[in-house]
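Contents: one structure, followed by commentary.
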Amino acid sequence: MLSLERSMIIAIVGAILLECNAASLPMQATGESNPKVKMYRENIVQAKTLENLDVQLDHFVGVSEDNGTILFMLSASDTEALAAFQNAYELDKDWRTIPAPLEYSFVMPGFIDAHVHAPQFDNMGVGYDMELLPWLKNYTLPLEEKFDMSGDGENGVPNEITADFVLNSYRSVVEKILDQGTTTASYYATVDPHATLTLAKQVQDLGQRAYVGKVNSDINMPAGLKETTAQSIASTKWFIEAVQDLDSPLITPVISPRFALGASFELMTQLGDIARQYNLPVQTHLDENKHEVADVLAAYPFATSYTDVYAQAGLLNVSHIILGHCVHLTDAEIAQLGTYNTSVGCAHCPLSNYALNSGIAPVRKYLGADLRMGLGSDVAGGYSSDMLQVMRGAILASKSLYFAHDWDEEEWAPLEYYGVLNLATKGSAAIMGLGDQVGTLEPGYQWDALHIDLRAKNSMTSLEYIPDASEVGLSLTMDELVSKFIYEGDSNNIVTVWVNGQVVKDKTEST
Ligand SMILES: [Zn+2]
């Protein structure tokens, strides 16, 4: 009975919708007539910096139904502003009738996975007795070969079975990470442009915001993943135009050379040109594993570093490049990356770096040198696509550095739960070049958000079993609840997910 009553209240709190006529709205300068506004009332939490959690208790949020943009955020205690707002929007429903938020719930920005390989999910948790290069050869590349939709059936599997496998595999990936609260992802697919387009279509159908990349690889590949430099360029252009034909404002093609050992210098150079020609972002891997770094330096004797290979190929001189891992950057590389200012960022992938024994990226050191940092799961080098797990991994990785260094030095201070929340939202948005659109909940940003209920049914958080925690002296502050969610929560606590103002997951009814 308690559960039913509570679920009814959550339904009201989580999805209050007020339709209003905003013809005379002073905050709308577009001249559009009668825009509809969705209105929510909740506690709002986010981490705008690495060092603080921002908590706004009991606030109203107005979201444009037309384009998902946050129009206003007002404190429920600011009755004067709310009254003015109600007049301005000609609301047909009184804001005073909307119930206050519950004690155990809040709204926060959606998670942004800045580095994830969609075809590798079947390998999560497998092969971690190997390091990067043998793991790629023995596990990853054989799996990616199964996404070959070239139509010749040479891999021994009938084409219709391959097409079904690709569609079902990619659809389940997008469904899974939306359920886990990942509202934006930067995907690598495979070299196959048709399979990669299938991924883009699933992303579009399920309503996620994403970068989708056809992988480029013309050297050191097995037969099923081999493409010539010319084929790689031609199929990249075909894929870009096919995604543009989808006409989805949420999906962007991302140029994706696998890494310096999988793409020739000529191919990387031409891909940089394409990125500039189409004004598209780039993603690749950098300084992940020491053996990989040694092999890169041997393969490119004219370059002073791994970073310098990409610099000389023109890959860093683009609108944005997301560099996965950045574990072993030298001081010279940090300085070189710094010269590119906001266009270059690193995706910290702690679960993968531990699973494949790659090392620990010194996040605070890089941030101190003005490098931008976000977070990535790097499935299937990483063993979980759940950004909560990735954040926990980032905390533990930072503590490993802290234990191994001088505890008084600021650059080795461990990251706290709000620090990794900042990386998983605002940080990842920044390195994807989306920092003025998502990752933050403020007027002008898009409503990509999660509704968190610490007492949701089937969640692992122990609060579910406490009928009234405050009565027995277990009341937690909002900061403590957010900490509890990040350390202990799971996708069951994420009862609603919005992308661009649209609901893409709603478990409110079933809680
Ligand atoms: Zn990767």
Side-chain angles (χ1 to χ4, degrees), residues 112-128 130-144 147 170 173 177 182 184-191 196 199 210-217 220-221 225 254-263 268 271 281-293 295-296 306-307 310 315 321-329 345-361 373-387 389-390 393-394 397 423-424 428 431-432:
I112 301 176
D113 187 344
H115 185 119
V116 57
H117 296 262
Q120 298 178 13
F121 274 57
D122 288 347
N123 270 351
M124 266 192 280
V126 177
Y128 299 150
M130 296 180 183
E131 292 198 5
L132 175 67
L133 298 178
W135 171 81
L136 275 171
K137 184 175 175 215
N138 289 284
Y139 286 97
T140 304
L141 300 181
L143 178 57
E144 291 194 13
F147 290 73
Y170 281 153
V173 166
I177 72 170
T182 299
T184 299
S186 193
Y187 288 110
Y188 290 78
T190 64
V191 294
T196 307
L199 171 61
Y211 286 2
V212 181
K214 183 213 106 63
V215 170
N216 299 93
S217 201
N220 300 326
M221 285 293 122
L225 296 175
V254 54
I255 305 300
S256 305
R258 184 183 279 279
F259 68 146
L261 294 177
M268 290 190 285
L271 290 172
V282 178
Q283 62 181 356
T284 190
H285 299 77
L286 175 63
D287 282 331
E288 178 175 353
N289 172 285
K290 284 185 177 173
H291 299 292
E292 170 213 20
V293 174
D295 285 2
V296 169
Y306 199 158
T307 296
Y310 293 149
L315 277 178
I321 181 164
I322 307 161
L323 297 165
H325 300 278
C326 301
V327 175
H328 303 288
L329 295 180
C346 291
H348 178 39
C349 304
L351 299 188
S352 171
N353 295 341
Y354 268 74
L356 294 175
N357 294 321
S358 296
I360 307 174
M373 301 293 297
L375 268 190
S377 66
D378 192 31
V379 170
Y383 50 83
S384 175
S385 56
D386 185 345
M387 291 302 286
Q389 297 271 23
V390 178
L423 293 177
S428 284
I431 69 169
M432 290 180 70

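Numbering of ligands and ligand atoms starts at 1, following listing order. The chain is numbered in sequence order, starting from 1. Computed over heavy atoms, backbone and side chain alike; hydrogens, waters and symmetry mates excluded.
- In this pair, H117 and H285 present their aromatic rings parallel. The plane angle is below 30°, not in the 30 to 60° band.
- You'll find the ring centres of Y170 and F147 inside the 6.0 Å limit.
- Inside a sphere of radius 2.8 Å centred on the Zn ion (ligand 1), the protein N/O/S atoms present are H115 NE2, H117 NE2, H285 NE2, D378 OD1.
- Each of M130, E131, E292, R258 was checked for a side chain to side chain contact (heavy atoms under 4.5 Å, CB included) with L136, and the lone residue meeting it is R258.
- Each of C326, S428, C346 was scored for a side chain to side chain contact (heavy atoms under 4.5 Å, CB included) with M373, with one residue passing: C346.
- Scanning for ring pair (Phe, Tyr, Trp, His ring centres under 6.0 Å) contacts around Y306 gives Y310, with sequence neighbours left out.
- Considering V327, D378, L375, I360 as possible partners of P350, the one that fulfils the side chain to side chain contact (heavy atoms under 4.5 Å, CB included) test is L375.
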